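All of these numbers come straight from a predicted model, not from anything done at the bench. Count residues from 1 along the sequence.
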Amino acid sequence: MRHMSDQPARWTQATVYPDMWTDPADDPRENQGSSPDGELATLEDYLTSYRLTLRMKCEGLDAEQLARRSVPPSTMSLLGLVRHLAEVERDWRNWISDSDALPKLYGRRDADFEEAAADPAVVDAAYRDLEREQAATDAALAAHRDLGERLGKEGIAVRELLVHRIEEYARHCGHADLLRECVDGRVGQ
């Protein structure tokens, strides 16, 4: 069990708003200009923001820190989250396809978390997997701009899939907040 003296000191890089991750001028999620027009553009903007948030929470950490599990017996780590989100991006393509399901990226269930090893090669592969799977899911949905269109064997609406993706990233960004604070004490949105 960790003692209070083992806890990293809480800190933030922000100077404008001390409860934020970074200053607004340095935040890649800040839109330059007005908010998006329309439901589809708004949903895509939120998804992009949460994807960037996850990346920000992982920046500046080495392989050991990314793979560190903070709350036993949980297998959750920042690296595990990156791998998990790559896995679910692939799975979402299975939802909208009439074809046979794509195989799991990491094999058996929960291997995305359990095999998130403190190895730079595993970290690099996880980021490549995430980028590839995000791009493939984005491309698969780009052909379906009608949010009410129903896809795949289950007839899932494009809108439902986009909202589910936002929810998945948002939930895991909340986990990333806590995981990052446990690793090095950094806090903020």
Side-chain angles (χ1 to χ4, degrees), residues 27-59 66-67 74-117 121-180 189:
D27 193 335
R29 299 165 302 175
E30 291 294 319
N31 290 328
Q32 302 300 322
S34 60
S35 62
D37 288 327
E39 185 181 5
L40 178 59
T42 299
L43 292 171
E44 291 173 336
D45 188 59
Y46 270 87
L47 179 60
T48 298
S49 179
Y50 282 119
R51 285 174 170 176
L52 285 169
T53 299
L54 178 70
R55 287 290 208 153
M56 291 168 70
K57 294 295 177 168
C58 295
E59 285 176 353
L66 287 168
S74 174
T75 59
M76 193 175 291
S77 66
L78 289 165
L79 178 57
L81 289 176
V82 171
R83 289 167 50 99
H84 174 70
L85 288 164
E87 191 77 76
V88 295
E89 286 282 357
R90 175 174 279 214
D91 195 41
W92 286 323
R93 287 200 313 286
N94 287 331
W95 291 8
I96 64 174
S97 173
D98 292 322
S99 304
D100 291 337
L102 297 165
K104 288 192 146 312
L105 282 174
Y106 304 111
R108 65 182 172 68
R109 181 175 172 81
D110 293 330
D112 42 0
F113 287 108
E114 291 172 2
E115 296 174 8
V122 173
V123 171
D124 292 344
Y127 281 116
R128 281 192 308 274
D129 290 344
L130 181 60
E131 289 171 10
R132 181 189 64 244
E133 297 303 322
Q134 286 173 336
T137 304
D138 291 347
L141 284 173
H144 306 283
R145 306 309 281 172
D146 176 356
L147 293 172
E149 182 181 356
R150 297 198 170 269
L151 304 172
K153 297 171 188 162
E154 302 295 319
I156 187 169
V158 172
R159 177 182 292 103
E160 183 180 349
L161 181 62
L162 284 170
V163 169
H164 186 81
R165 290 169 82 196
I166 293 165
E167 178 273 332
E168 184 86 12
Y169 278 90
R171 183 165 35 96
H172 289 312
C173 282
H175 294 134
D177 286 340
L178 297 172
L179 288 162
R180 179 63 187 253
Q189 87 276 17

Heavy atoms only: give me the nearest Arg93-Thr137 pair and the separation to one decimal.
NH1-OG1, 3.1 Å
For residues Ala176 and Leu54, report the shortest heavy-atom separation together with the two atoms involved.
CB-CD1, 4.2 Å
Would Arg132 and Leu105 count as a side-chain contact (heavy atoms from CB on, under 4.5 Å) here? Give the steps.
CA-CA 11 Å; Arg132 181 189 64 244; Leu105 282 174; 3.4 Å; yes
In the structure I gave you, are the side-chain heavy atoms of Leu79 and Phe113 within less than 4.5 Å of one another anywhere?
no
Heavy-atom closest pair (Ala67 atom, Ala116 atom, distance to 0.1 Å) is CB-O, 3.4 Å
Just verifying a value: how many Å separate Lys153 NZ and Asn94 CG, rounded to the nearest 0.5 Å?
8.0 Å
Trp92 side, atom CH2; Leu162 side, atom CG - distance, nearest 0.5 Å:
10.0 Å
Closest non-hydrogen atom pair between Met76 and Ser74, with its separation:
N-OG, 3.0 Å
Working for side-chain hydrogen bond (donor to acceptor under 3.5 Å, both in side chains), residues Glu89 and Tyr169
CA-CA 10 Å; Glu89 286 282 357; Tyr169 278 90; 2.7 Å; yes
To the nearest 0.5 Å, tell me how far Glu168 CD sits from Asp91 CG.
9.5 Å
Atom pair NE2 (His172) and CG (Leu78), whose distance is rounded to the nearest 0.5 Å
12.0 Å
So does Arg83 pair up with Asp129, basic N to acidic O under 4.0 Å?
no
Using the rule given for side-chain contact (heavy atoms from CB on, under 4.5 Å), can you reason through Leu81 versus Leu179, listing the C-alpha separation, both sets of side-chain angles and the distance that settles it, and then say yes or no?
CA-CA 10 Å; Leu81 289 176; Leu179 288 162; 3.7 Å; yes
Indicate the atoms forming the closest heavy-atom contact of Glu149 with His144, along with that distance.
OE2-ND1, 2.9 Å
For the pair Leu43 and Leu147, evaluate side-chain contact (heavy atoms from CB on, under 4.5 Å) and give the outcome as yes or no after the intermediate values.
CA-CA 10 Å; Leu43 292 171; Leu147 293 172; 4.3 Å; yes
Quick one: pull up CZ in Arg180 and CG in Leu66 and give me the separation to the nearest 0.5 Å.
8.5 Å
For the CG atom on Asp98, are there more than 12 heavy atoms of other groups (residues, nucleotides or ligands in this structure) within a distance under 6.0 Å?
yes
Run the side-chain contact (heavy atoms from CB on, under 4.5 Å) test on Leu151 and Leu141 for me, step by step, so that the C-alpha distance in whole Å, both residues' side-chain angles and the decisive distance to 0.1 Å come before the verdict.
CA-CA 10 Å; Leu151 304 172; Leu141 284 173; 4.2 Å; yes
Main-chain N/O of Tyr106 paired to Glu87 side chain as donor or acceptor, under 3.5 Å:
yes
Under 6.0 Å from the OH atom of Tyr127, do we count more than 12 heavy atoms belonging to anything else shown?
yes
First locate atom CG of Asp45, then atom CG of Leu47, and finally report the distance between them rounded to the nearest 0.5 Å.
9.5 Å
Is it true that, when you exclude Arg108 itself, more than 12 heavy atoms of the residues, nucleotides or ligands shown sit nearer than 6.0 Å to its CZ?
yes
Could you check whether atom CG of Asp146 has more than 12 heavy atoms from other residues, nucleotides or ligands sitting under 6.0 Å from it?
yes
For Tyr50 and Ala170, which heavy atoms make the closest approach, and how far apart are they?
CZ-CB, 3.6 Å
Can you check whether Pro103's main-chain N or O pairs, donor with acceptor, with Arg90's side chain at less than 3.5 Å?
yes
Under a 4.0 Å threshold between the charged nitrogen and the carboxylate oxygen, would Asp138 count as salt-bridged to Arg51?
yes
